[in-house]
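Below: one structure, written as structure tokens.
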Amino acid sequence: MQTTEQELTGKIALVAGATRGAGRAIAVELGRAGATVYVTGRTTRTQVSEVGRAGETIEQTAELVTEAGGEGVAVPTDHLQADQVRALVERIDREQGRLDILVNDVWGGNNLLDFDTRMWDVDLDRGLRMIDLGVRTHIITASIALPLLIKSPGGLVIEVTDGTAESNRGFRENFYYDLAKNGPIRMAYILGEELKRVGCGAVAVTPGFLRSEEMLDGFKLTEETWQDGIANQHLWALSESPTYLGRGIAALTADPERARWNGKSLSSGELAREYGVTDTDGSRPDVWGFMAAEQRGEAPREEDYR
């Protein structure tokens, strides 16, 4: 079922890393379901992060959350700075007294990627920055936010990454990127084991071939012209908007039996099948399922995975 009713009214969420892409869409869809959503990031209307995309700000995200039916609250936060994260969590505690949903979506390291480069040929500082952005930020945020989250029975941590536990067993073409994207999967598993003892849980989720703002710009495409990319990269045929994952996560958080997913790794396609959600065009793309079929030596058709 599509989560369109106010099923999360009264719930308090923190989406760490909500400036753009999946994080923004997750925040908006949680808001559409009625949640109060604190959105964080480093790019605001007065400052820009190293990603350098001044046109996407956390204030915009908060406004979109409110327009969707929730309450969006923008809090500029560098999640590598523990004091800033503490101030953020203290504010949520002071204003709400609870935290029901923590979405760890901090990244911002695509500009550091050197695919097809051997580990020892990657600049060390560049590689370690990826680990900081993709893993250390998540650890800092979870460590500081979890004491507030566990005060509310059923609290949920959602670790957003790239790839499922199954797909990430393979070679990810960059040593540091591989570690940065496998880290959140292990975090969800380990935290799930610890959180279930106090009535809470954790899951890892991944989008598929994501048509984020940054991705579209990188290929000189738009949300209206993305199909033009299929000629050069067939996986564009199975691409998905950020809203697709956002809808799946909103449905997951509203599921009274969500504890069955504790510690698991889930994709946007799996969430769509389970909860009946669709992308904005009514389709249900599953790029991870398609690629798994290719790796098994099959000849899958794109249309069967959309």
Side-chain angles (χ1 to χ4, degrees), residues 13-32 37-45 48-65 67-68 72 74-79 101-113 130 133-135 137-138 141 158-164 177 180-181 184 204-226 229 235-236 238-250 252 266-269 271-272 277 279-281 285 287-288:
L14 164 59
V15 181
T19 313
R20 63 185 67 83
R24 171 174 283 189
I26 293 165
V28 170
E29 294 308 313
L30 291 174
R32 195 180 311 281
V37 188
Y38 287 77
V39 299
T40 66
R42 295 174 295 161
T43 296
T44 70
R45 287 182 174 137
V48 182
S49 78
E50 68 200 67
V51 177
R53 297 181 63 83
E56 298 142 4
T57 69
I58 58 170
E59 292 94 342
Q60 290 174 341
T61 301
E63 290 166 358
L64 290 170
V65 170
E67 289 171 9
V75 185
T77 308
D78 181 343
H79 286 263
I101 303 159
L102 168 61
V103 180
N104 248 337
D105 184 55
V106 184
W107 173 228
N110 287 340
N111 60 313
L112 300 170
L113 278 168
M130 273 196 278
L133 291 170
V135 180
T137 54
H138 290 225
T141 306
I158 298 173
E159 286 288 328
V160 182
T161 189
D162 175 33
T164 63
Y177 187 77
K181 295 309 177 181
V205 299
T206 179
F209 194 98
L210 187 67
R211 295 197 308 272
S212 66
E213 302 92 338
E214 189 175 10
M215 182 77 157
L216 288 167
D217 285 351
F219 283 85
K220 295 181 171 52
L221 299 169
T222 68
E223 187 56 30
E224 291 69 41
T225 66
W226 63 265
L235 291 181
W236 275 105
L238 294 171
S239 67
E240 62 193 57
S241 77
T243 297
Y244 188 50
L245 179 63
R247 286 175 173 176
I249 286 177
L252 169 67
L266 301 167
S267 70
S268 53
L271 288 170
V277 303
D279 204 344
T280 54
D281 62 359
V287 73
W288 297 113

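What you are looking at is a predicted structure, and each value in this text was computed from that prediction instead of being measured.
For S267, the side chain to side chain donor-acceptor pair (under 3.5 Å) criterion is met by E270, not counting sequence neighbours. With sequence neighbours excluded, the residues that form a side chain to side chain donor-acceptor pair (under 3.5 Å) with T40 are H79. Under the side chain to side chain donor-acceptor pair (under 3.5 Å) criterion, D217 pairs with R53, not counting sequence neighbours. Remark: R45 pairs with E63 by the salt bridge (Lys or Arg N to Asp or Glu O under 4.0 Å) rule, at least two apart or across chains. For E223, the salt bridge (Lys or Arg N to Asp or Glu O under 4.0 Å) criterion is met by R211, not counting sequence neighbours. Contacts of Y177 classified as ring pair (Phe, Tyr, Trp, His ring centres under 6.0 Å), with partners at least two apart in sequence or in another chain: W107, F115. Residues passing the side chain to side chain donor-acceptor pair (under 3.5 Å) test with T61 are R24, sequence neighbours excluded. Every residue two or more places apart in sequence or in another chain that forms a side chain to side chain contact (heavy atoms under 4.5 Å, CB included) with P242 is listed here: A25, L210.
Between M130 and A180 the shortest heavy-atom distance is O-CB, 3.9 Å. Nearest heavy-atom pair, E56 versus Q60, reported as atom, atom and distance to 0.1 Å: CA-OE1, 3.3 Å. The shortest heavy-atom contact between R42 and T77 is CG-O, 3.7 Å. Of all the heavy atoms in G134 and H138, the pair that sits closest is O-CD2, 3.4 Å. When all heavy atoms of S268 and E240 are compared, the closest pair comes out as OG-OE2, 2.8 Å. For the pair S239 and P285, the tightest heavy-atom approach, listed with the atom from each and the gap, is O-CG, 3.8 Å.
Side-chain atoms of T225 never come within 3.5 Å of backbone atoms of L221 as a donor-acceptor pair (strictly under, hydrogens ignored). T206 contributes no side-chain N or O that, together with a main-chain N or O of T164, makes up a donor-acceptor pair within less than 3.5 Å. A donor-acceptor pair under 3.5 Å links the side-chain atoms of D279 to the main chain of S241, judged by distance alone.
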- [ ] Starting from the C-alpha separation in whole Å, work towards a yes-or-no answer on side chain to side chain contact (heavy atoms under 4.5 Å, CB included) for L30 and V103.
- [x] CA-CA 11 Å; L30 291 174; V103 180; 4.3 Å; yes

- [ ] Give the C-alpha distance, both sets of side-chain angles, the deciding distance and a yes or no for side chain to side chain contact (heavy atoms under 4.5 Å, CB included) between L14 and L102.
- [x] CA-CA 5 Å; L14 164 59; L102 168 61; 3.7 Å; yes

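Put simply, the side chain of T57 reaches to within 4.5 Å of the side chain of T43, judged on heavy atoms. In this structure, V51 and T19 have side chains that are not in contact, with every pair of non-hydrogen atoms separated by 4.5 Å or more. Two residues are said to be in side-chain contact when any heavy atoms from C-beta on lie closer than 4.5 Å; F209 and L238 fail this criterion. The closest side-chain heavy-atom distance from M215 to W236 is below 4.5 Å. Taking the side chain as every heavy atom from C-beta outward, I158 and I26 never approach each other to under 4.5 Å. V277 is not listed as a side-chain neighbour of L271, based on a closest heavy-atom distance of 4.5 Å or more.
Between atom CG of residue L245 and atom CG of residue L252 there is a gap of 10.0 Å, rounded to the nearest 0.5 Å.
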